[in-house]
Structures are given as structure tokens and as C-alpha cells.
Protein chains: 2
Amino acid sequence: MGDIEIQDLRLLRAVADTGSLSGAARQLGTSQGNISRQLQRIERVTGLTLFQRHSRGAAPTQAGRMLLRGADTVLPLVDQLLLSAAEHAAEYDAERDGEYDGEHGGEGAGAPRTGRSLRLGAVPTTVLPALTSTLATLLPQTPLDLRLDESPEVLLGLLRGGRLDLAVLRHWPVLDAPLSGRVDTAVIAEERLHVGVAAQHPLARRPCVTLADLRDLSGQGPGIPVLAEAGHGALCRHLVVAAERHGIRLPVSCAADRTDATARACAMSAVLLGYHGPAPVPGIVHLPLNDDATRCLLLLAWPAGGGLARHGAELAALARETYG
Amino acid sequence: MGDIEIQDLRLLRAVADTGSLSGAARQLGTSQGNISRQLQRIERVTGLTLFQRHSRGAAPTQAGRMLLRGADTVLPLVDQLLLSAAEHAAEYDAERDGEYDGEHGGEGAGAPRTGRSLRLGAVPTTVLPALTSTLATLLPQTPLDLRLDESPEVLLGLLRGGRLDLAVLRHWPVLDAPLSGRVDTAVIAEERLHVGVAAQHPLARRPCVTLADLRDLSGQGPGIPVLAEAGHGALCRHLVVAAERHGIRLPVSCAADRTDATARACAMSAVLLGYHGPAPVPGIVHLPLNDDATRCLLLLAWPAGGGLARHGAELAALARETYG
DNA sequence: GTCGATTACGGGACGCGTAAGTATT
DNA sequence: AATACTTACGCGTCCCGTAATCGAC
């Protein structure tokens, strides 16, 4: 399947907002024919019918609404990014930073790159601030180069390739394959999963829930009983696998962002899914999800034998302390 | 300035990850020369130098790192979106929904569109789940069509154009122009702003902070003292204006997402900025920001004289109650 | 008749691969 | 000499604007 581009999302947004292809053409400053062809192309590469054409306009299909939600999440981010770029264009002007720090293969022995930046890769987690605080205290003059990525595979690859000095990643001991060599690790914390439900939801009075409870929900009717927020795709996949081990087929899906997930879950009596430390939201009750299969460890990882070998364990201990 | 496309972000990511243009070419399955030209084009349209070329590779500049952070936020969302599209392609297959609901101009009189969906537009806020819960209870058979958008202007435009039935938006009474006619509104709540700082930060022991406190911080040194998360661009802009009224020039900037903002703030002793209800994060202390200029109201809005005229005020009252 | 969507046609722009050229180690 | 980035050339493809056609109200 071909890629979708940002221009395509803008087009979908314009068609939906104006309610017609010609309206979108006016809004985007192009011709009707162009919009029609573009939309056909987008529908072809996605394999979806996105709008029902009518003689008086066009209305999004269910698939179209899904892509529109995505557009609403992505487009503001992109616009913000371009804005920042424009702002800083004058500022950074003819700046001469970006000195080379290539370190070809993993010859990563030696001091922890004093004088240079510390390159930290991490999955999104609430431990991260505690860790960066600690790092800022321990290495006051070292700027931090932070790379957020949900995928442990990507982070491990970068670590092994010598392109990261340190990484924070999630490991599911029951579901994941054990970590291979060339990196050392220390456990920072065990993360507890939580589910969130509307205050009126039948599960809301429970002290905690299990996977079996979710199965019972799922049997109740069609629809989408479990929603996670964007950026938690790995969480979705792991939960599906964990449920399968119980013989449950959970329809888990990912919403566009946190707000979207929460609002939509309340509207359709669905269940929210998230890691440790959910934000308190009026009208939402959070419950711990207790199940052995969903145990999840936060690990600190660094190249085996690298300059951080000793500091790694210390850092993990400090982070563990703050995490409580 | 030209637009950036998703392919461009993937290219930047590949160059940064492999550390060289030729490495990126291998990873993306194209030629070295192509990568070089693409990168030149991207740097031309953004007006930024993104990578320092070296005879042994390429290293991102500060501007490049900014765009890379954006890429790390946007690309997972897009990939997720394409994944969902691929999943649902079979599912929705030859579905025949998407019935026309064009409602040309604003002839929006009549019943609240019984039998059709209720089209709700909203800014991202913690009240939303309470509202959607209430709506689900009041209109059990009506599917909810949710459109999230940070900009009140966009939402009001859609409301006036008859393309939304109801909207939740923010209004800053001190800073914004009063709302013009053709829509009715009711206050849902007054939102309090919060700032977050690392536990070691000098402000952490204060019971609350004011804009003047932030000025003192800003005078302390260079850097970026105030960070907001993505999707809160309006919050950034309003705070800058509010600070200017106090004669303060606050360097406020927006991070890529919540995790990024928090981790980065801790690393550089910066201050986080957010609306009501910050999530508890280990190592972070949240304080209310007390200042008249930063008062912010959450409004429920609907087309003047529309079918929701009476229900609007009731809904706002219900939401106000849940919001506490 | 008006508004809206689709389709055909012709021209121009853009992007790609190949390959030669330059610089650094 | 090897590696990596840049640049020139030639070609194919895709995209756009115009405009004609069809349908619905």
C-alpha cells in the first residue's frame, strides 16, 4: 500500500469541512477536477472508499471518518512544526553547530563522551523525567539528545549500532523473547497496566479488573470495547496476545490521541487502556489491570562493556528510587 | 515556505539514524544522489540547514534535531493510521454507509437531527468525557461524530456554517475579542492553568506561581524556560500575550508531545505549562498559575436559534456539575 | 439552468537512476 | 585507494489546468 502524504490529509479535511469536492477546490485554490482525481488516487492507494459522492456534495464514510480523525491529530502537529521551523529559521541562521559525532561501528569503549551530548533513547513513560533530572545533575555540562520511540527493536538497534549511549525500553517477560547480548540492562520498575471506564460503566465499582472481565464485556455486543491512545500500539498488540493466551479475542484499537480516546470511550461505553499513572479526568474511573501475562518491565539498557557499564546500574537504582 | 511531506520526515529520520546520506539511501532503497538532492530541497523549503555534511557522514544541526523530534511524533501516528486503514480495508470493504447529511447553508432550524449523528466539535480538554457520557445517556441511539480541533475560530466557523451541532471551546475573557453573534454559549467551567517543575527546581516549594515568577526565571540565563506540550499552541500564544501585558517577554515553546515536554523540561530545568488536571508524574511538582490575565473559560456553543437552543444550557449545567 | 462530479487532453514540472567529479581519510 | 557527498544529463512519470460530459434538483 502506498504512503499517504500530508497534502492528502489536508485535502480530506477540506472536503469534509466544506462538504463538497468543489468547496474543497475553492478552499485549496485548485480546480474541481483536480480534487476529484486526487481523492480517487487516495482511495486507490488506501484501498478504502472515503467519501460517498452525492449530487449535492460528499459525505465521509466510516473509513473516511477514521482517516479524518488521524488528520486532526497529525495536521496540527505538522503545522506547529513548520511554525517552529519558520521561527527558528532567522534565529539559527548561519549557525555552525552539529559537529560530527559519528563513531562508526560500535567501538564505543572509552569515557562517557565527555564534552559531547549524551544520546538517550526511550519509550514514552512517566519515569523519563526522573531519569533526565538525574542525568542533568550527574552530568551538568552534557547536553541531552533525547530520542523517543515506542519500539524496543529500534532502540536496541541504535544502541548496538553505537548511535545511542543509553536507552529506556519496555520488556514483557511473559510475552517477549529474551533480550539478546551486546547490551546490558537493569530493571527500573515494573509497570502496572490500568483501564479507565466512564463512571456509569458497570466495571466502575470494581476495585480492579482482569482480562476475563474484558472478555465478558466483549461478549456483550458489537463495537470496540477496548481503546488505547496513540503511541501505545505496542500495548495494544501485547494485550491482544495476552488475551489470546486466555482464549479471548479482544478487539483492541488505537484512538488518535488521549483526548480522543477518552471522549470516544465514554461515548460508546468502551474501556480505556494505559500504562501506569493515568491522569485524573472527571467522569472517568481508573482501575488496575491485574494479570500475570500483562506484566511489563521498564529496563535501562546500554552497550555491553561501554563507558556507561558501571553508571548504568547506578542510574537504574536512582530512577527506581524516584519512581517509587 | 513550502510544505513538508511525510516522505521528507522519513528521509530525515533515516539520515539521522544511519549517520550518513548513503546509509539512508541503502535503508530507503534509493540512490545516494537522490538523498542528497532531496535533503537539499527540504533545507531549501524550510530555510534551515538540517545536517552538517562531513566527509565521514552527516550530523544533525540544532534545527535538524528540532525537525527530528517532530518526525518522531508524527511518523508513529501516520504509521498507525495506515495500519488501521489496512486492517479496516477488508472489514469495511463494500460498505454502504455515509449517507448524505449536507445541510447546505445555515438553514439549521429543526429538530436536533434525530436519527442522524450528533456532530460535536471540541478543543482537547478533560471535560470532554463527562460531556460525551452525558450525551450518550441523553441520546442513546444517536452516534457521536467527534471533531477535535484546538482552534476556536475553526469550530465557530463550522458551527456557523451548519456543519457542527455543538462545540466546546476555550475563551480567554481578558485576551480574546468577545464572541460575535449567530451562536449561543454557556459557560461549562473556568480552567486553571498549571505549571510543572522538576522536584529539584527552585520553584518546586512554592504553593503557587505567578507570571512575575516566570520572569525572574527567564532573567536567570539563556535557554527555554517555558515548555508546553503539542496541541497547546493556543496556550503558548495566550501566555506570551499575557506576559507582554506585564512587560515580560517569555520565551515559550511547544515540545513534540507530553512525554517529550516533560523529559526535556527536567533535563534543562525548564517549566512545563498545561491546563487543568496534570497527570501525576514522579519527580514533577505541579503548581497552580494564578494570574488574572490567564483566566480561561470553557464554553459550550451551538447555533443561535437552532434545535439545541434549549438543550445547550442544560448540557452545560450537567457538564459543569461533573467537572466539579 | 445551476451546481457538482467525472473524464479526456495536452503541456509542463518534477523526480529518479546513472555516472562523473570533488574532497577527506 | 576507499568512502561519502555533490552535480550533470537524460528520461519517464505524474500532476495540473482547461474544458467537455453527465446527473440531480
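Just so it is clear: chains get the letters A, B, ... in the order the sequence lines come, proteins before strands, and each one is counted from 1. The basis for the numbers below is simple: all heavy atoms, side chains too, and nothing from hydrogens, waters or symmetry mates. Bear in mind the structure is a predicted one, so any value in this text is a computation, not a measurement.
- If you take CD1 of A/I35 and P of C/dC3, they are 19 Å apart, rounded to a whole angstrom.
- Crowding of A/R182 atom CZ: a count of heavy atoms from other residues, nucleotides or ligands under 6.0 Å not exceeding 12.
- Put simply, CZ on B/F51 is 17 Å from C1' on D/dT6, counting in whole angstrom units.
- A donor-acceptor pair is defined here as one N or O able to donate and one able to accept, closer than 3.5 Å; such a pair exists between the side chain of B/E150 and the backbone of B/G233.
- To the nearest 0.5 angstrom, B/R65 atom CZ is 13.5 Å from B/L12 atom CG.
- Each of C/dA5, D/dC15, C/dC16 was ranked by its minimum atom distance to the side chain of B/N34; first place goes to C/dC16.
- Not one side-chain nitrogen or oxygen of B/Q40 sits closer than 4.0 Å to the OP1 or OP2 atom of D/dC5.
- The phosphate of D/dC16 (OP1 or OP2) has no side-chain N or O of A/S31 nearer than 4.0 angstrom.
- Atoms CD (A/E5) and P (D/dC15) sit 11 Å apart, rounded to a whole Å.
- Rounded to an integer number of Å, the gap from CD of B/E43 to C1' of D/dC5 is 12 Å.
- Of the side-chain N and O atoms in A/Q7, none sit less than 4.0 angstrom from OP1 or OP2 of D/dC15.
- Checked against B/L299 for a side-chain contact (heavy atoms from CB on, under 4.5 Å), the options B/V183, B/L169, B/V168 give a single hit: B/L169.
- Rounded to an integer number of Å, the gap from CZ of A/R53 to C1' of D/dC25 is 20 Å.
- Note that the CG atom of A/L77 and the CD1 atom of A/I6 stand 10.0 Å from one another [nearest 0.5 Å].
- Residue whose closest nucleotide on DNA chain D sits further toward the 5' end, between A/Q38 and B/L39: B/L39.
- In this structure, the side chain of B/R53 engages the main chain of B/F51 through a donor-acceptor pair within 3.5 Å.
- Atom CG in B/L146 sits 8.5 Å away from atom CZ in A/R69 (nearest 0.5 Å).
- C/dA13 atom P lies 17 Å from atom CZ of B/R41, rounded to whole Å.
- Using a 4.0 Å heavy-atom cutoff across all strands shown, B/S22 reaches sugar-phosphate atoms only and no base atom.
- Between B/S20 and D/dA4 there is no side-chain N or O to OP1 or OP2 distance below 4.0 Å.
- Judged by distance alone with a 3.5 Å cut-off, a donor-acceptor contact links the side chain of B/R37 to the base of C/dG17.
- Look at CD on A/Q52: it is 11 Å from P on C/dT6, rounded to the nearest Å.
- Applying the 4.0 Å criterion to OP1 and OP2 of C/dT6, one finds that A/S36 has a side-chain N or O inside that range.
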Provide a list of protein-nucleic acid N or O atom pairs under 3.5 angstrom, restricted to nucleotides 19-25 of chain C.
| residue | atom | partner | partner atom | Å |
| --- | --- | --- | --- | --- |
| C/dT24 | O3' | B/S55 | OG | 3.1 |

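- Proximity note for A/L21 (side chain, C-beta onward) versus C/dA5, D/dT6, C/dT18: the nearest is C/dA5.
- Under a 3.5 Å cut-off, the side chain of B/T61 and the backbone N or O of B/T49 do form a donor-acceptor pair.
- In this structure, B/I42 atom CD1 and C/dG15 atom C1' are separated by 13 Å, rounded to whole Å.
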